[in-house]
Amino acid sequence: MRRIALAAAAALMLSACGSGGGSAGQELSKDPVTIRFTWWGADERHKRTQQVIDLFQKKHPNITVKGEFKDWNGYWESLATTVAANDAPDVIQMDELYLSSYAERGALLDLGTAAKHLKTADFDKSALDTGIVKGKQYALPVGLATYSIVANTGLLDQLKIKLPDDNTWTWDDLKKVGDQVSKAGGGKITGVQSFGFDAGSMNIWARQHGAALFDEAGKVAVPADVLAGYWAYIRDLAKSGVAPAPSVTIERAGGSLDQSGTATNASAFGTWWNTQLPSLAAASGSKLKLLKLPGESQASTPAAYFKPSMYWSISSRSKHPAEAALFVDFLANSQEAADVMLTDRGVPANRKTRAAITPKLGETDKAAAEYLDAVKVGTAPRVTPNGASAIEAIIKRHTEEVLFDRQTPEQAAASFIKELQAEIDGA
């Protein structure tokens with residue numbers, strides 16, 4: 001439904017939004033102004049966000065911020081509809097999968113025009129670059145995550161298996177220690193929770209091999225042999241018993257985080273975003289530790305990268321872009337706002353506010369924040385191109401085909417590239 005709604009809006013955006021050439025550089029209005037702010041999330045996020053809105057309005061009594069919030073599914077349908085009708089909210093909570101779709105059709109403001117009211121000095125360049133489309137800053141990252149291995153040190157201690165050195169380990173080392181766990185686990189515990197169901201693991205694999213999923217033009221650029229190696233590794237984990245049987249893997253991959261091998265103490269190692277550590281620790285009740293990715297010490301440049309939890313964007317059709325930029329500045333840079341939101345929208349991308357809130361966090365949230373600061377990251381990957389928002393569904397389907405021996409890794413690689421490129425070309 002989200003893709004249908006987005007596609008329906010896209011055709012209208014071409015004529016409705018033009019080039020998105022507005023500017024937020026004008027002076028703030030002294031008259032009463034109302035701006036609309038939309039986001040997705042659950043009740044706790046709504047409460048925290050309203051507190052932040054109230055704080056902003058106290059500082060700027062002539063600016064009223066009208067909140068509009070929905071769940072994830074309803075959010076994208078509503079946003080597509082309002083954008084198509086030239087009635088988009090002024091400030092938009094944006095997701096990486098859809099950033100290009102909106103930016104390239106002129107629906108978003110170039111935040112480079114907002115420097116008078118929106119400051120970005122406390123953001124790393126590698127973080128800011130995650131919001132760039134075709135050379136312009138259309139989005140400001142709210143929170144950041146980076147890919148990691150979550151190790152269940154409680155299980156490893158129980159099985160008397162030593163934790164690997166994550167400063168030097170390789171993917172073969174992960175397979176070896178995973179094999180030790182599976183053999184010691186007596187059929188109840190496997191070493192590695194199989195991956196191959198998200199773009200994060202594929203991105204890392206490609207980057208460690210000197211490649212990228214997409215080139216700057218938005219075309220699929222990853223070589224077929226690199227993808228074949230990715231799926232061959234995943235297949236070998238299952239066939240060797242290091243990972244669960246394919247049927248178990250697929251069932252867990254289709255469930256919630258609480259049903260994963262990591263959360264149920266059924267696998268000792270798993271690939272996760274570092275910010276998922278608190279939820280995994282709560283679900284498992286076990287001692288977990290974030291490890292750097294295998295293969296990083298062998299790669300010529302860091303393959304790890306910052307992934308935005310979400311972004312702040314401004315509508316290119318906003319009648320009050322300066323006030324919208326001022327509000328985004330408060331969301332992104334204010335310590336008052338950070339103290340309310342904490343890690344609800346991810347570990348803050350703003351270095352200064354992240355450092356300030358870290359001592360206030362619980363043990364696992366603090367570990368996630370400290371991991372973000374400790375890991376060396378490379379340049380930001382190219383933002384997911386328009387038309388490629390279904391990439392994870394395509395990855396998942398091909399991983400299933402390989403695990404059940406319906407495709408060889410080589411066949412999966414060729415099929416994946418062809419299908420994903422067709423999606424992009426057809427957008």
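Remember, it's a predicted structure, so these values are computed and weren't measured experimentally.
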ask   = Does the pair T379 and D129 meet the rule for a side chain to side chain contact (heavy atoms under 4.5 Å, CB included), with working shown?
value = CA-CA 8 Å; T379 56; D129 285 352; 5.9 Å; no

State whether [X] and [Y] are salt-bridged, where the test is any N-O pair (Lys NZ or Arg NE/NH1/NH2 against Asp/Glu carboxylate O) under 4.0 Å.
X    : Y    : value
R351 : D124 : yes
D110 : K134 : no
E336 : K59  : yes
D425 : K219 : yes
E419 : R397 : yes
K366 : E370 : no
R36  : D90  : no
D373 : R354 : yes

So, [X] and [Y]: side-chain donor and acceptor under 3.5 Å apart, yes or no?
X    : Y    : result
E96  : T384 : yes
W272 : T262 : yes
N333 : D122 : no
R406 : Q411 : no
Y305 : T130 : no
H398 : S415 : yes
Y230 : D225 : no
W273 : T146 : no
E77  : N73  : no
N62  : K30  : no
S101 : N386 : yes

With a 3.5 Å distance limit and no angle check, can you tell me whether [X] reaches the backbone of [Y] through a side-chain donor-acceptor pair?
X    : Y    : result
S78  : G74  : no
S260 : L257 : yes
Y138 : E104 : no
Y371 : L291 : yes
T38  : E68  : yes
H117 : A324 : no
Q93  : M310 : no
E323 : L28  : no
S315 : R317 : yes
T343 : G346 : no

Nearest 0.5 Å, what's the [atom1]-[atom2] distance between [X] and [Y]?
X    : Y    : atom1 : atom2 : value
W169 : D166 : CH2   : CG    : 7.0 Å
L290 : Q276 : CG    : CD    : 10.5 Å
T399 : I250 : OG1   : CD1   : 7.5 Å
L288 : L155 : CG    : CG    : 8.5 Å
L108 : S316 : CG    : OG    : 6.5 Å
I394 : I417 : CD1   : CD1   : 12.0 Å

What do you reckon, are the aromatic ring centroids of [X] and [Y] less than 6.0 Å apart?
X    : Y    : result
W312 : F327 : no
W76  : Y98  : yes
F37  : W39  : yes

Are side-chain heavy atoms of [X] and [Y] found at a separation under 4.5 Å?
X    : Y    : answer
M202 : L227 : yes
E392 : K396 : no
L55  : F330 : yes
V347 : L144 : no
T64  : I35  : no
L140 : Y311 : no
L97  : L99  : no
R252 : Q259 : no

Around atom [atom1] of [X], are there more than 12 heavy atoms from other residues, nucleotides or ligands closer than 6.0 Å?
X    : atom1 : result
K47  : NZ    : no
Q298 : CD    : yes
K119 : NZ    : yes
E44  : CD    : yes
K289 : NZ    : no

task = Would you please test N167 and K292 for side-chain hydrogen bond (donor to acceptor under 3.5 Å, both in side chains) and show each step?
result = CA-CA 7 Å; N167 287 313; K292 301 183 188 77; 3.0 Å; yes

R345 and T49: CA distance, side-chain angles, deciding distance, side-chain hydrogen bond (donor to acceptor under 3.5 Å, both in side chains) verdict = CA-CA 10 Å; R345 283 181 166 91; T49 305; 3.0 Å; yes

request  = May I have the step-by-step check of side-chain hydrogen bond (donor to acceptor under 3.5 Å, both in side chains) for Q407 and W231, ending in yes or no?
outcome  = CA-CA 10 Å; Q407 281 186 331; W231 272 304; over 6 Å; no

inquiry  = As a quick check of understanding, evaluate side chain to side chain contact (heavy atoms under 4.5 Å, CB included) for F56 and L326, giving each step before the final call.
reply    = CA-CA 10 Å; F56 175 79; L326 186 69; 4.2 Å; yes

message = Using the rule given for side chain to side chain contact (heavy atoms under 4.5 Å, CB included), can you reason through D71 versus W40, listing the C-alpha separation, both sets of side-chain angles and the distance that settles it, and then say yes or no?
response = CA-CA 5 Å; D71 64 17; W40 71 82; over 6 Å; no

task = Hey, can you tell me if Y233 and W205 have their rings parallel, tilted or perpendicular (30° and 60° cut-offs)?
result = tilted

message = With side-chain hydrogen bond (donor to acceptor under 3.5 Å, both in side chains) as the criterion, how do N274 and S148 come out once you've worked through the C-alpha distance, each side chain's angles and the decisive distance to 0.1 Å?
response = CA-CA 6 Å; N274 68 306; S148 68; 6.0 Å; no

